[in-house]
Amino acid sequence: MAAASTSRLVPAATTKKPAASGRVRRPGAKGAGIPKGMMPPPDRPLVNPGLSRAQLLEIHRFMRLNRMLEDKLTALYRQGRISGGLYSSLGQEAISVGTAYALAPDDLLAPMIRNIGSMLVRGVTPLDFFQQYMGRYESPTHGKDGTLHFGNVERLSIIGPISHLGTLVPVMAGAALAARLRGEAHRCSLTYVGDGATSTGYFHEGLNFAAVLKLPFILVVENNGYAYSTTCDRQFRVASIAERGPAYGVASESVDGTDVLAVYAATQRAVQRGRRGEGATLLETRCLRMQGHAQHDDMRYVPKALLEAWAKRDPLERYERFLVASGHATPDTLRATAEAIAPELDAAADAAEKCPPPSPEETLKGVYKEEGYEAPWWPAA
Amino acid sequence: MAAASTSRLVPAATTKKPAASGRVRRPGAKGAGIPKGMMPPPDRPLVNPGLSRAQLLEIHRFMRLNRMLEDKLTALYRQGRISGGLYSSLGQEAISVGTAYALAPDDLLAPMIRNIGSMLVRGVTPLDFFQQYMGRYESPTHGKDGTLHFGNVERLSIIGPISHLGTLVPVMAGAALAARLRGEAHRCSLTYVGDGATSTGYFHEGLNFAAVLKLPFILVVENNGYAYSTTCDRQFRVASIAERGPAYGVASESVDGTDVLAVYAATQRAVQRGRRGEGATLLETRCLRMQGHAQHDDMRYVPKALLEAWAKRDPLERYERFLVASGHATPDTLRATAEAIAPELDAAADAAEKCPPPSPEETLKGVYKEEGYEAPWWPAA
Amino acid sequence: MTTTYLEAIRQAIWEEMEKDPSVFVLGEDIGAYGGAFKVTEGMLQKFGETRVIDTPISEGAIVGAAIGAALMGMRPVAEMQFIDFISCAFDQLTNFAAKNRYRWGAGVPMVVRGPCGGGVRGGPFHSQNPEMYFVHTPGLKVVAPATAYDAKGLLKASIRDDDPVIYLEHKFLYRRIKEDLPKDDFVVPLGKAAVRREGTDLTIVTYGAMLYPCLEAAATLEKERGAKAEVIDLRSLLPLDRETIVASARKTGKVMVVHEDTRTGGIAGEIAATINEEAFDHLDGPVLRVTAPDTPVPYSAPLEDFFLPNAVKIADAARKLVAY
Amino acid sequence: MTTTYLEAIRQAIWEEMEKDPSVFVLGEDIGAYGGAFKVTEGMLQKFGETRVIDTPISEGAIVGAAIGAALMGMRPVAEMQFIDFISCAFDQLTNFAAKNRYRWGAGVPMVVRGPCGGGVRGGPFHSQNPEMYFVHTPGLKVVAPATAYDAKGLLKASIRDDDPVIYLEHKFLYRRIKEDLPKDDFVVPLGKAAVRREGTDLTIVTYGAMLYPCLEAAATLEKERGAKAEVIDLRSLLPLDRETIVASARKTGKVMVVHEDTRTGGIAGEIAATINEEAFDHLDGPVLRVTAPDTPVPYSAPLEDFFLPNAVKIADAARKLVAY
Ligand SMILES: Cc1ncc(C[n+]2csc(CCOP(=O)(O)OP(=O)(O)O)c2C)c(N)n1
Ligand SMILES: Cc1ncc(C[n+]2csc(CCOP(=O)(O)OP(=O)(O)O)c2C)c(N)n1
Ligand SMILES: [Mg+2]
Ligand SMILES: [Mg+2]
């Protein structure tokens with residue numbers, strides 16, 4: 001602590017406040033416009049932070065796979081072949097893939113519900129996801145949970161989320177702490193929160209815990225403009241969540257979440273800080289949630305103009321334009337990637353559908369440790 | 001929200017960090033010195049922010065009463081005449097009295113455990129406190145709770161705390177919200193947290209809630225260097241909690257908590273902002289906890305030199321020097337104040353002791369609303 | 001016009017807000033969006049954003065702020081988007097709200113409501129039945145309506161009550177249950193069970209969505225062997241209507257309790273103990289339980305179907321008890 | 001040398017930390033200060049600050065971080081300064097820790113421990129008995145030792161267990177209970193009750209600090225009228241040793257349950273239901289309860305004394321049951 005000099009007035013906010021009165025704009029409401037700051041950041045050219053061609057193309061493949069896998073899940077959902085919640089990461093693929101790709105395989109990663117791309121990078125397969133969404137016995141949860149609610153620590157260094165927002169923040173701080181205790185201090189730990197989940201007490205307790213213990217922890221904020229129907233001006237009164245870094249004494253940064261290379265590079269910087277023992281990073285990524293909160297939500301409340309503006313910033317198309325312009329790919333090779341993925345996904349979905357559901361008595365198993373009933377039981381793990 | 005430009009690195013902390021490595025200094029540990037920033041701020045002359053002589057002397061009387069009342073409680077505790085927790089505000093009286101005195105009587109106030117002074121300003125009497133600490137039937141809680149765990153909304157605009165740190169932050173935000181809903185938007189709401197309690201999720205959720213709803217809410221942080229035995233460098237990685245204001249888009253300020261007039265003036269500014277509709281304020285007050293966490297704690301872990309440095313900054317003595325120097329009082333009139341208080345306290349303690357305890361069956365009453373069993377039942381309320 | 005269970009809840013809030021300016025609602029996505037299940041639809045337009053407050057995702061602050069407002073004389077109705085998230089407000093509810101009146105006499109008139117229960121493939125975090133956490137907390141009240149009438153009447157009573165109420169609305173019933181509701185204002189008093197079916201041979205005590213399989217099982221039993229089961233719908237879990245339970249136990253001598261909540265520590269235990277204490281001499285058989293097993297709520301269909309009690313399992317247990 | 005209940009707890013942690021490098025402790029003021037009750041005294045000096053971690057006041061993060069560490073193969077032992085503050089970690093415990101193994105198979109081997117219970121004039125927030133919140137949560141285990149031997153043996157077993165354990169140490173017993181402990185390593189298995197006193201006329205089931213007034217009441221009863229009460233100390237509340245309870249119920253035909261926890265929804269209900277289900281035909285009287293009433297724990301002496309069960313109240317109920 002520095003000496004508290006005398007009365008020292010800190011300005012109320014370092015940048016423009018989102019709203020000037022107690023009454024807050026509602027973009028969905030009649031006659032309301034688009035809140036300032038919700039429009040996309042300037043469209044800067046993508047810059048290769050030193051990745052090889054193979055790496056660049058691998059990133060592309062993951063992003064394409066992310067998108068096509070979710071498209072397939074949506075189709076299955078509409079056909080009634082999967083049930084439960086289905087949350088889309090359309091427009092946010094660069095964040096999942098860019099952050100996960102910047103990690104070493106043994107860095108710890110915990111996805112939230114829109115981070116199917118992060119899990120793909122880690123090696124979870126489409127078959128795993130289909131089984132999971134279809135509640136099959138051989139899914140990563142034996143049908144006991146759905147969506148991305150699973151993990152595998154030993155082989156994939158993934159910790160799975162629960163629904164309760166924010167809970168993973170301290171959990172992943174603890175994972176980083178454990179790595180240090182085990183003499184594996186090089187292992188960083190990364191997880192995600194949405195703009196909405198920054199309001200949870202866990203965001204504060206977990207980030208502060210990591211800051212005080214100087215843990216190599218990276219908290220990625222996916223600021224996609226909405227928490228369900230709620231805009232950011234009802235969620236916090238700062239222009240960017242990166243402004244909260246100084247409040248915790250951690251590094252913070254805000255990047256364009258539709259630029260996969262910028263996301264990758266920022267995550268790399270955070271990883272390097274972590275590995276150098278410089279502690280935690282709060283990394284805001286800006287984007288727009290391009291679909292409803294989940295399948296049932298028609299997102300009537302999102303202004304058309306906003307969607308259109310961000311549609312031009314589609315992270316996959318942007319990245320493809322970069323790859324072509326920089327000579328790393330041609331439209332044909334990119335199309336070939338997609339064409340190779342499609343049958344793979346169809347086959348995986350069909351295979352999953354043929355897998356048996358759990359037997360009803362499975363319900364009673366595995367609440368506590370049972371001999372001979374040990375995870376992970378799923379093939380990919 | 002402002003447009004998230006491109007990669008924008010926010011410095012890790014706006015001021016010196018408390019510790020440079022994962023290993024953190026422990027002032028109590030062998031050979032450790034005093035962490036930077038724990039020493040008192042520069043000793044500036046007190047400045048009258050425009051208070052009348054009568055007001056200045058009233059403030060003095062409250063501070064003296066605060067101190068003598070706690071001395072009396074300590075004496076009673078040592079004699080076994082009261083039981084339970086007894087937490088001292090020695091060295092922090094300027095904070096309780098200065099903040100409470102800056103409020104209007106109908107502003108909402110919630111004390112924490114070291115804010116007996118705030119409650120005195122509000123009109124709670126020594127007799128009430130003695131009854132409460134002695135668990136008497138006519139105490140503000142009928143003997144069902146101890147310490148400062150009571151309030152009275154209708155007549156004193158006090159909401160009482162519970163032990164769980166931080167809980168009052170959202171509760172008092174809600175009280176401010178209710179005042180606005182009732183058409184009493186002029187009523188500010190003020191409560192306290194310690195340096196330690198800033199680590200609770202409630203600090204974040206409650207302050208953010210108040211910020212987003214632009215409530216006239218004042219959160220006073222009593223940074224007394226310790227949370228029980230824990231120093232601030234194990235609690236947060238900022239030099240001053242006032243640095244967190246910008247993270248919430250609220251005004252923030254840090255003042256010398258041993259200067260009652262500075263505390264008063266800062267609170268007034270916060271009240272004015274609140275009444276003008278400018279929202280919440282985070283007000284840090286710096287001091288040192290001059291006794292153990294509670295009576296049982298010999299605070300072996302506090303370096304002697306630190307105590308000595310702060311002892312010179314005793315808020316009551318400082319204020320008395322100011323009163324004498326500025327001609328508002330003489331040593332004799334100040335002594336007279338204390339001499340008038342002493343017998344009052346003795347009489348109140350004796351009177352409380354003669355009051356009956358609750359009958360055992362009282363245990364069963366008042367869990368839910370019961371006709372004919374309505375609060376407040378205590379004389380002062 | 002028939003009213004759904006969901007619409008009944010909406011009406012209760014709406015009418016109380018019209019009647020009493022101290023009533024207001026707060027929660028996530030309840031304003032512009034009208035709530036995840038549309039319970040608060042139209043309220044923002046009708047009552048304005050001062051009384052229909054979209055909050056940040058901060059259950060601790062939602063409930064904390066509701067407590068502060070209640071202490072100020074307001075009557076907040078806080079929504080948990082799913083009742084599962086009430087765990088994040090557990091501390092404020094059990095320590096602040098529940099104990100305040102006892103401690104310094106100031107009541108905390110507030111309602112925390114949200115969708116509970118399974119049967120919709122919601123998985124472990126969107127299907128919970130958290131009632132016992134609150135039934136075991138003196139100072140709170142807990143209600144769990146099974147019909148549209150009760151949904152409306154109990155919610156009105158909860159909002160008017162001077163103590164904090166946890167109001168558990170079963171999401172499986174939202175749009176599946178409807179009935180004609182009286183046009184005039186009515187309440188269903190807290191702490192009073194309803195006898196949904198009179199009987200002499202056996203008592204089935206239940207609440208919430210389990211009422212329907214219980215009634216089905218009772219009908220089966222009557223058809224099968226002429227056994228007349230009395231079915232009690234608790235409606236309120238705290239205070240618990242011990243009188244009605246005990247009176248029925250004395251009459252039939254055989255009691256079973258059915259709940260969707262997990263078994264160990266479920267309310268069936270409390271009822272078994274109460275009947276032991278107050279009707280032991282009248283018992284012709286043990287107090288039996290049909291409940292969910294002691295596991296989280298599983299996601300996939302075969303597992304959730306196995307997890308949930310149903311009419312077949314209830315009838316099986318009832319047959320056993322009748323034959324005892 | 002006799003060892004206090006408190007020292008037994010300290011020894012268990014100490015020895016497990018010596019034995020197993022994956023064991024570490026975290027909590028508020030547990031390092032330099034050695035813990036509010038001095039349970040972790042000396043550990044910082046012995047094991048260093050990497051394994052003895054003073055944390056910020058963030059129960060949600062303490063437990064959350066423990067979960068993360070446990071998933072990584074560590075065995076964290078988290079202290080709640082008073083168990084009352086576990087309410088702030090309720091969500092992490094009941095939703096994350098409890099359900100993880102069931103969901104994706106990864107166990108969460110961790111212990112959350114802290115001082116519970118009344119009798120020390122701690123008032124409503126330093127005297128709570130939160131066991132049922134966790135007994136009602138499948139996936140957790142809950143233990144509550146009454147003796148120094150069990151305090152040590154159960155804590156060692158809890159630390160070695162592969163699932164999350166809530167370890168409730170009764171602060172009233174910390175320095176009041178002592179005994180000679182074996183020098184060699186020992187554990188007390190989770191889920192096994194102890195018969196503290198054999199008897200044939202009546203069974204008293206209890207746990208924690210209530211063991212002592214139960215034994216006193218049993219002695220009174222025997223002296224008074226030769227009635228032999230069997231006293232069962234549950235030790236573990238989840239898993240619950242139903243076998244031992246049921247066997248005793250079958251033997252004596254009369255059972256009462258005594259707990260310091262409040263009545264409605266307390267474990268006595270679960271036990272009454274279990275006995276009904278498994279020993280009804282052997283019962284010669286109702287399962288009775290002696291418990292704290294349904295109120296917060298009051299602060300002042302006459303109230304807290306009235307609130308707590310004691311040997312007189314237990315003996316009264318026992319007399320009634322014997323005479324039934
Ligand atoms: C503690 C908690 N409260 C409420 C919810 C319900 N809920 C699920 S997602 C969501 C919105 C999340 O918004 P954000 O954090 O911005 O993430 P996004 O959906 O935009 O990715 C809400 C309110 C929850 N899961 N957990
Ligand atoms: C949620 C919670 N956790 C732990 C405690 C135990 N406790 C009581 S006071 C205290 C230290 C508080 O420190 P600080 O906030 O700095 O206030 P101070 O005592 O210095 O006034 C602790 C840990 C508590 N009351 N509530
Ligand atoms: Mg979002
Ligand atoms: Mg402090």
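The sequence lines fix the lettering, A, B, ..., with proteins before strands; numbering per chain opens at 1. The analysis underlying the following values was restricted to heavy atoms, covering all of them including side chains, and did not include hydrogens, waters or symmetry mates.
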Roughly how far, to the nearest 0.5 Å, is the CD atom of A/Glu370 from the CZ atom of D/Arg101? 8.5 Å

Heavy-atom cut-off 4.5 Å, strictly under: side chain, backbone, both or neither for A/His149 against chain D? both

Please look at A/Leu177 and chain D and tell me whether the side chain, the backbone, both or neither of the residue comes under 4.5 angstrom of a heavy atom of that chain. side chain

Nearest-0.5 Å distance that lies between atom CD in A/Glu205 and atom CD1 in D/Ile57: 10.5 Å

Closest non-hydrogen atoms of A/Gly151 and D/Trp104, given as atom of the first, atom of the second and distance, are O-CE3, 2.9 Å

Honestly, the part of D/Leu26 sitting under 4.5 Å from a heavy atom of chain A is side chain

When heavy-atom pairs shorter than 4.5 Å are enumerated against chain A, which of D/Arg103, D/Arg51, D/Met74 gives the highest number? D/Arg103

What part of A/Ala210 lies closer than 4.5 angstrom to a heavy atom of chain D: side chain, backbone, both or neither? neither

Using non-hydrogen atoms only, which part of A/Leu207 is less than 4.5 Å away from chain D: side chain, backbone, both, or neither? neither

Do you know which two heavy atoms are closest between D/Gln92 and A/Pro170, and how far apart they sit? NE2-CG, 3.4 Å

When the 4.5 angstrom heavy-atom criterion is applied to A/Tyr368 and chain D, the contacting part is both

Between A/Arg182 (side chain only) and D/Met72 (backbone N and O only), is there a donor and an acceptor less than 3.5 Å apart? yes

Side chain, backbone, both or neither: which part of D/Asp91 has a heavy atom under 4.5 Å from chain A? both

Mind listing the closest non-hydrogen atom pair of D/Gly139 and A/Val367 along with its distance? N-CG1, 3.5 Å

Is the side chain of D/Tyr102 donor-acceptor paired with the backbone N or O of A/Thr363 at a distance under 3.5 Å, no angle test? yes

So how far is it from A/Met172 CE to D/Ile67 CD1, rounded to the nearest 0.5 Å? 12.5 Å

Which of the residues A/Ile159, A/Val171, A/Thr141, A/Leu108 is involved in the greatest number of heavy-atom pairs with chain D at under 4.5 angstrom? A/Val171

Answer yes or no: does atom CD of D/Gln45 have more than 12 heavy-atom neighbours from other residues, nucleotides or ligands under 6.0 Å? yes

Taking atom CG of D/Asp54 and atom CG of A/Leu213, what is their separation to the nearest 0.5 Å? 10.0 Å

Using a cut-off of under 4.5 Å on heavy-atom pairs, state which of A/Pro140, A/Gly160, A/Ala173 scores highest against chain D. A/Gly160

Counting heavy-atom pairs under 4.5 Å with chain A, which one of D/Ala98, D/Gly60, D/Ala61 comes out on top? D/Ala61

For each of A/Ser139, A/Pro161, A/Ala178, tally heavy-atom pairs with chain D at distances under 4.5 Å, and name the one with the top tally. A/Ala178

